[in-house]
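So you know, we letter chains A, B, ... as the sequences are listed, proteins then strands, and number each from 1.
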There are 2 protein chains.
Amino acid sequence: MYRISELAKRCGVNKETIRYYEKRQLLPLPMRTEAGYRLYSDADAKRVQFIKRLQQLGFSLTEIHQLLGIVDQDKERCADMYVFVSKKVEEVQKQIKDLQRVVHVLQDLQKRCPDEKALYECPMIEMLIEEEFST
Amino acid sequence: MYRISELAKRCGVNKETIRYYEKRQLLPLPMRTEAGYRLYSDADAKRVQFIKRLQQLGFSLTEIHQLLGIVDQDKERCADMYVFVSKKVEEVQKQIKDLQRVVHVLQDLQKRCPDEKALYECPMIEMLIEEEFST
DNA sequence: CTTGACTATGTACCTTAGTACAAAGTTTAT
DNA sequence: ATAAACTTTGTACTAAGGTACATAGTCAAG
């Protein structure tokens, strides 16, 4: 068992972030020393890393709280999990499509405007305003 | 020429957003009536729509300010535009890869855990912690 | 037995992209 | 002439995801 700074260091985050996650209920209430210092174990470290990974993948802390319901085997948060995951899949697939369009537009811009002079004549607005986007 | 409410209405945004864009230098300082009311033209409406489209595509207002350098034929903001666009392409391509991985993980979760009971045994943490991600 | 390093709590502050509101001046309609 | 509807400015507030700081208590070393 170790204290908050050690956990923060192991997970590459700030102490304040740990306390913030506790407040957001992403981390369970930790054990305390007699003086009131928080105590953590490897399970907590793993959990923080899990949170960080999901964040990298574009999940909000609210969504992560939801997903942690699986880890915690919490009936309440697991209700409608299948629907939640299905929605997220659709959402992310839409996001991928939009980003693929962004790449095309930017690469088109690069091709058309290989230098500064060409750039000045580049019909930027028209290029983007006339495209259609999934909304 | 019309006033701020008309522009906002034509662009589907709030008046406050227009003023906010002016402050962020995304819109040029507009002409004013004798009483000090802002006056806008179709060019401004087109510009706001352009900003909105780029936003939909995931650009921040700071990046949009940069890109508007092309539209404004502004030497300063156009400097290093090619580098800026190249970096953005790479960034977006990385983002797409990560999101594709998210889709796979979520679909895998759906396959393995077709109902609530299966969900409780789902090794969520292991599933995600053991994967590698582009960073 | 006191200094330095740690922890506790609470509150304030940061960024981004706005939104909301107050107080004052202007324009339009009746 | 005066109310309704507009505009101006400035400031404060929102959400998310933290960061920073002030004040107080705790612990280990010299």
Gap between atoms [atom1] and [atom2], on [X] and [N] respectively (whole Å):
X: B/Y2; N: D/dC6; atom1: OH; atom2: C1'; answer: 18 Å
X: A/I64; N: D/dG17; atom1: CD1; atom2: P; answer: 8 Å
X: A/I51; N: D/dG17; atom1: CD1; atom2: P; answer: 12 Å
X: B/E6; N: D/dA5; atom1: CD; atom2: P; answer: 18 Å
X: A/R19; N: D/dC21; atom1: CZ; atom2: P; answer: 14 Å
X: B/M1; N: D/dT7; atom1: CE; atom2: P; answer: 14 Å

Report, as yes or no, whether the 6.0 Å neighbourhood of atom [atom1] on [X] holds more than 12 heavy atoms from other residues, nucleotides or ligands.
X: A/D80; atom1: CG; result: no
X: A/E6; atom1: CD; result: yes
X: B/Q100; atom1: CD; result: yes

Between A/V105 and A/V102, is there a side-chain heavy-atom distance shorter than 4.5 Å?
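Counting from C-beta outward, A/V102 and A/V105 never come under 4.5 Å.
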
Heavy atoms, side chains only, cut-off 4.5 Å: are B/L109 and A/M81 in contact?
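A side-chain contact is absent here, since even the closest heavy-atom pair is not under 4.5 Å.
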
It should be established whether B/R3 places a side-chain nitrogen or oxygen under 4.0 Å from OP1 or OP2 of nucleotide D/dC6.
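So the side-chain polar atoms of B/R3 never come under 4.0 Å of the phosphate oxygens OP1 or OP2 of D/dC6.
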
Please determine whether a side-chain nitrogen or oxygen atom of A/Q55 lies at a distance below 4.0 Å from atom OP1 or OP2 of D/dG18.
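For D/dG18, OP1 or OP2 has a side-chain N or O of A/Q55 closer than 4.0 Å.
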
Note: B/D98-B/K94 ion pair, threshold 4.0 Å (strictly below):
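Yes, B/D98 and B/K94 are salt-bridged.
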
Short of 4.0 Å, heavy atom to strand atom, which residues of [range] count as contacting DNA chain C?
range: residues 20-28 of chain B; value: B/Y20, B/Y21, B/R24
range: residues 7-18 of chain B; value: B/N14, B/E16, B/T17
range: residues 33-40 of chain A; value: A/G36, A/Y37, A/R38

With B/Y20, the side-chain hydrogen bond (donor to acceptor under 3.5 Å, both in side chains) member among B/E22, B/R24, B/E16
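The passing option is B/R24.
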
As a quick check of understanding, evaluate side-chain hydrogen bond (donor to acceptor under 3.5 Å, both in side chains) for A/Y2 and A/D42, giving each step before the final call.
CA-CA 9 Å; A/Y2 34 83; A/D42 289 342; 3.0 Å; yes

Passes side-chain hydrogen bond (donor to acceptor under 3.5 Å, both in side chains), A/K46 versus A/Q49? Steps please.
CA-CA 5 Å; A/K46 208 166 177 183; A/Q49 281 156 32; over 6 Å; no

Any chance you could pull the hydrophobic cluster mates of B/M1, using side-chain heavy atoms under 4.5 angstrom and chaining through other members?
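Cluster partners of B/M1: B/M31, B/L39.
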
Is there any salt bridge (charged side-chain N to carboxylate O under 4.0 Å, His left out) pair reaching into residues 61-72 of chain A, and which pairs are they, with sequence neighbours excluded?
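Every salt bridge (charged side-chain N to carboxylate O under 4.0 Å, His left out) pair that includes a residue of residues 61-72 of chain A, provided the two are not neighbours, is A/R47-A/D72, A/E63-A/K88, A/D72-A/R77.
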
Can you pull the contact range of chain B along DNA chain C, 5' to 3', using atoms under 4.0 angstrom from its heavy atoms?
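With heavy atoms of chain B under 4.0 Å away, the range is C/dA17 to C/dT27.
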
Does the B/S86 side chain pair with the main chain of B/Y82, one donor and one acceptor, at a distance under 3.5 Å?
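Yes, the answer is positive, given that a donor and an acceptor are paired below the 3.5 Å cut-off.
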
With clusters defined by side-chain heavy atoms of hydrophobic residues (ILVMFWY) lying less than 4.5 Å apart, directly or transitively, does B/L99 cluster with A/F59?
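Yes, A/F59 connects to B/L99 through the hydrophobic network.
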
